[in-house]
Amino acid sequence: MSVIHSIGQNLATDGRSFYSNRTAQKVQYPEMQNIMKDSAEVAESLVQNIAKIKEDMQELQRLSNAMGHEVHFNVNEELGQVIVKIVDPSTDKVIREIPSADIQHLQIKIRETIGLLIDEKI
């Protein structure tokens, strides 16, 4: 019965870590520790990059205000893209949107269509 129990433990934990009944300690696999370190480094790098991008966006906003136009930066969550809008501050009218609203809608529809045809990305 202990053989079946240990097989079940290994299957349940998907090879990542498990608690041994005999030693009552957690056993870690070295490759998982490396993956955890790498993912922590990637997450820290992403946080630093986002902070730098926000600083750059604020600087661009200051420069555009000096030229007489407002530049608005937004993120389209469906596309995962930054959308830039140039606005006339006196009328609050959008002068230019990059990419345009039509292109954004087209990209969303293309992604939906590809999602229907292809299940996963390799």
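Taken to the nearest 0.5 Å, the NE2 atom of H105 stands 9.5 Å off from the CG atom of L79. Within the model, atoms CG of D102 and CG of L106 stand 8.5 Å from one another, a figure rounded to the nearest 0.5 Å. The line from CD of E70 to CD1 of I86 is 11.5 Å long, rounded to the nearest 0.5 Å. Rounded to the nearest 0.5 angstrom, F73 CZ and Q58 CD are separated by 10.5 Å.
Cluster membership for I95 and I83, using ILVMFWY side-chain heavy atoms within less than 4.5 angstrom, is not shared. Linking Ile, Leu, Val, Met, Phe, Trp and Tyr residues whenever their side-chain heavy atoms come within less than 4.5 Å leaves V82 and V94 in two separate clusters.
The nearest pair of heavy atoms linking Q104 to P99 is NE2-O, 2.9 Å. Between N76 and I108 the shortest heavy-atom distance is ND2-CD1, 4.4 Å.
The 12-atom threshold is exceeded at NE2 of H72, counting heavy atoms of other residues, nucleotides or ligands nearer than 6.0 Å.
Pairs engaging residues 71-85 under the salt bridge (charged side-chain N to carboxylate O under 4.0 Å, His left out) rule: none recorded [sequence neighbours left out].
A side-chain donor-acceptor contact under 3.5 Å links T113 to the backbone of K109.
If you chain together ILVMFWY residues whose side-chain heavy atoms come under 4.5 Å of each other, I103 ends up in a group of its own.
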What's the verdict on side chain to side chain contact (heavy atoms under 4.5 Å, CB included) for E44 and Q48, showing C-alpha distance, side-chain angles and the deciding distance? CA-CA 6 Å; E44 180 62 31; Q48 291 173 354; 3.3 Å; yes

